[in-house]
Amino acid sequence: MDADLSDEAPVLVAQEERINPTAPQQTTSVDEDDEPPALATTDEDQPVQKVPITIVTGYLGAGKTTLLNYILTEEHGKKIAVILNEFGDSIDIEKQLTVADENSIEAKPIPFVPLANGCICCSVKDVGVAAIENLMEQRGKFDYILLETTGLADPGNIAPLFWLDDGLGSTIFLDGIVTLVDAKNVLKSLDEGYGDKADEERYAEDHEHHSPLLTTAHLQISHADVVLVNKADLINEEDLNKVVERIRSINGMAKIQTTTKSQVPKLEGFILDLQAYNDVTDADLRFASKGHSHLDRAITTSTMKFPAIRHDQIEKLDLFLRTILWEDELPGNFSFEPFEIHRLKGRVPVKGGKMLLIQGVRNIYDVNEGKTTEPNDRAKIVLIGKGVGQEAFMESFLATLGKT
Ligand SMILES: Nc1nc2c(ncn2[C@@H]2O[C@H](COP(=O)(O)OP(=O)(O)OP(=O)(O)O)[C@@H](O)[C@H]2O)c(=O)[nH]1
Ligand SMILES: [Zn+2]
């Protein structure tokens with residue numbers, strides 16, 4: 001963080017407060033059999049409207065805080081609470097949790113929670129959860145949360161905290177992950193691994209299950225729904241294109257935008273209200289349709305395309321997903337190199353009318369039914385990760401489905 005916020009309450013300036021009447025009504029009903037959700041509103045008969053959270057991640061100094069400040073000063077009609085981590089221990093969480101004064105419009109402090117030092121993968125589970133729960137007690141005073149994570153955070157560990165429908169996910173839903181990269185340095189970080197020795201050691205402690213070729217930059221890019229290639233002013237156009245191409249080869253699903261000072265051309269639908277973990281649109285899978293590339297040694301995007309499946313093959317599809325995501329194996333007797341799946345999205349039409357929408361982050365996945373579609377729609381499953389371009393994926397998948 002740039003600003004020294006250690007002895008003063010942070011004042012990130014709010015824009016004029018307006019409720020957006022067109023905001024999506026994310027609702028979830030309280031199931032009477034379940035324990036009452038810890039963070040729900042007091043009236044349990046009312047459906048709980050979940051608050052969207054956007055995770056802003058990116059390497060040290062990439063421009064995350066610059067983006068947050070930009071968002072907070074732009075017109076978007078939202079009351080945004082900001083959660084920052086990487087602050088000193090001296091910060092008193094209670095003191096920092098400033099909530100807007102309903103009567104004053106100008107220079108309203110935004111609900112604000114600093115997280116403890118260190119990797120959010122670990123810290124979010126204790127201090128972070130407490131801070132967010134604290135924040136959620138102020139429900140109604142904000143309608144959006146932005147979470148800036150430390151430069152070393154692995155979004156794959158954070159995302160499930162908000163994506164799943166229990167715990168924090170009962171009142172918050174993950175809207176999307178925005179990753180900032182520093183245009184000038186990102187290729188170097190992707191090629192060389194971590195900055196210095198200390199970085200490398202911290203990383204190794206936090207991510208012992210990953211191979212050394214996978215840098216934090218890889219993890220942040222592979223999980224991103226949007227990648228901002230920031231500091232575009234520092235390199236020429238040709239080099240900038242190379243950066244975009246490399247990122248596209250790692251993550252074929254993310255929207256990629258070059259920026260200077262994190263100034264994105266639009267917020268709504270691009271940074272905010274992405275709904276990246278609910279819907280799976282054609283557009284999401286469009287860029288990935290060109291197959292996979294070998295530009296990056298560690299992480300690639302790969303697309304499996306096949307015809308609509310039959311109703312009796314849905315269970316087989318599920319078996320395939322379970323096996324690749326839970327067991328890191330391909331079903332059937334196929335030889336394959338070890339692989340690791342970070343992100344998965346799919347649109348699979350079922351003959352007779354429905355469309356299965358598949359979402360996965362690491363070993364967690366979710367299948368929903370989407371709108372009926374054209375009968376000749378082809379199915380697409382896009383995988384982002386290590387080793388996902390192997391032909392054995394398709395062979396194993398077709399064998400698992402059985403005769404079509
Ligand atoms: N030249 C240039 N500088 C930028 C740009 N965007 C941000 N900066 C500067 O880069 C520095 C780091 O920006 P921050 O927004 O603090 O980056 P961050 O990702 O929040 O940094 P950490 O929280 O330390 O990880 C600041 O001095 C910014 O003013 C850009 O597009 N071009
Ligand atoms: Zn910052």
Side-chain angles (χ1 to χ4, degrees), residues 1-6 8 10-13 54-74 80-91 96 110 112-124 127-128 131 145-155 158 176-190 194-196 198-200 202-203 206 215-221 223-224 226-237 239-244 247 256-267 270-271:
M1 217 54 48
D2 321 298
D4 178 9
L5 299 168
S6 52
E8 262 184 277
V11 183
L12 297 172
V13 180
T54 294
I55 297 177
V56 176
T57 183
Y59 213 69
L60 302 167
K64 300 179 291 294
T65 306
T66 307
L67 175 68
L68 295 191
N69 283 321
Y70 178 71
I71 295 173
L72 293 174
T73 51
E74 282 297 291
I80 299 178
V82 176
I83 303 171
L84 305 176
N85 68 350
E86 286 198 305
F87 280 90
D89 296 331
S90 60
I91 299 243
Q96 298 297 327
I110 289 186
F112 178 97
V113 186
L115 299 187
N117 257 330
C119 177
I120 195 172
C121 316
C122 319
S123 66
V124 88
V127 182
I145 301 173
L146 288 173
L147 170 70
E148 177 185 335
T149 72
T150 140
L152 290 174
D154 169 0
I158 306 161
I177 297 180
V178 176
T179 295
L180 280 111
V181 301
D182 175 335
K184 194 158 186 227
N185 295 310
V186 65
L187 293 185
K188 200 159 149 266
S189 346
L190 287 170
Y194 328 117
D196 55 32
D199 251 18
E200 206 162 330
R202 273 174 75 185
Y203 185 81
D206 290 336
T215 67
T216 307
H218 280 104
L219 290 167
Q220 292 176 339
I221 294 168
H223 290 86
V226 176
V227 178
L228 300 183
V229 180
N230 192 39
K231 306 199 175 179
D233 56 317
L234 299 182
I235 62 172
N236 66 38
E237 204 180 324
D239 290 341
L240 195 58
N241 288 338
K242 278 194 196 130
V243 172
V244 171
I247 289 166
I256 301 176
Q257 173 73 45
T258 59
T259 54
T260 294
K261 292 273 174 193
S262 308
Q263 296 200 12
V264 287
K266 75 177 190 148
L267 292 174
F270 190 78
I271 300 284

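If you read the sequence from its start, that first residue is 1, and numbering goes on from there. Atoms within a ligand are numbered from 1 in the order they appear, just like the ligands themselves.
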With respect to [X], determine whether any N or O atom, backbone or side chain, lies less than 3.5 Å from an N or O atom of ligand 1.
X	value
S262	no
L67	no
N230	yes

Item to check | Distance-minimising heavy-atom pair for L267 and V264 | outcome: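 Minimum heavy-atom contact is CD2-CG2, 3.6 Å.
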Item to check | Closest non-hydrogen atom pair between T65 and E148, with its separation | outcome: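 Shortest heavy-atom separation between T65 and E148 comes out as OG1-OE1, 3.1 Å.
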Quick one: [atom1] on [X] to [atom2] on [Y], what's the gap to the nearest 0.5 Å?
X	Y	atom1	atom2	result
T258	E237	OG1	CD	9.0 Å
Y59	D182	OH	CG	11.0 Å
N230	L67	CG	CG	8.0 Å

Next on the checklist: For E148, state whether at least one heavy atom is located under 4.0 Å from any atom of ligand 1.
Outcome noted: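 Yes, E148 has heavy atoms under 4.0 Å from ligand 1.
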Checklist entry - Hey, does G58 sit under 4.0 Å from ligand 1 if you only count heavy atoms? => result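 Under 4.0 Å: no for G58.
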Heavy-atom contacts with [X] under 4.0 Å: which atoms of ligand 1 show up? List them by number with element.
X	answer
L60	25 (O)
D233	1 (N), 2 (C), 30 (C), 31 (O), 32 (N)
T66	7 (C), 13 (O), 14 (P), 15 (O), 28 (C)
T260	31 (O)

Checklist entry - Which part of L234 is near ligand 1, with near meaning a heavy atom under 4.0 Å away: side chain, backbone, both or neither? => result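 It is the side chain that gets close, since no backbone atom is under 4.0 Å.
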Checklist entry - Can a donor-acceptor pair be found between the side chains of T179 and Q220 at a distance below 3.5 Å? => result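 No, because no side-chain N or O of T179 sits under 3.5 Å from a partner of the opposite role on Q220.
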Checklist entry - Are the side chain of T66 and the backbone N or O of S262 linked by a donor-acceptor pair below 3.5 Å? => result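 A pair under 3.5 Å: no.
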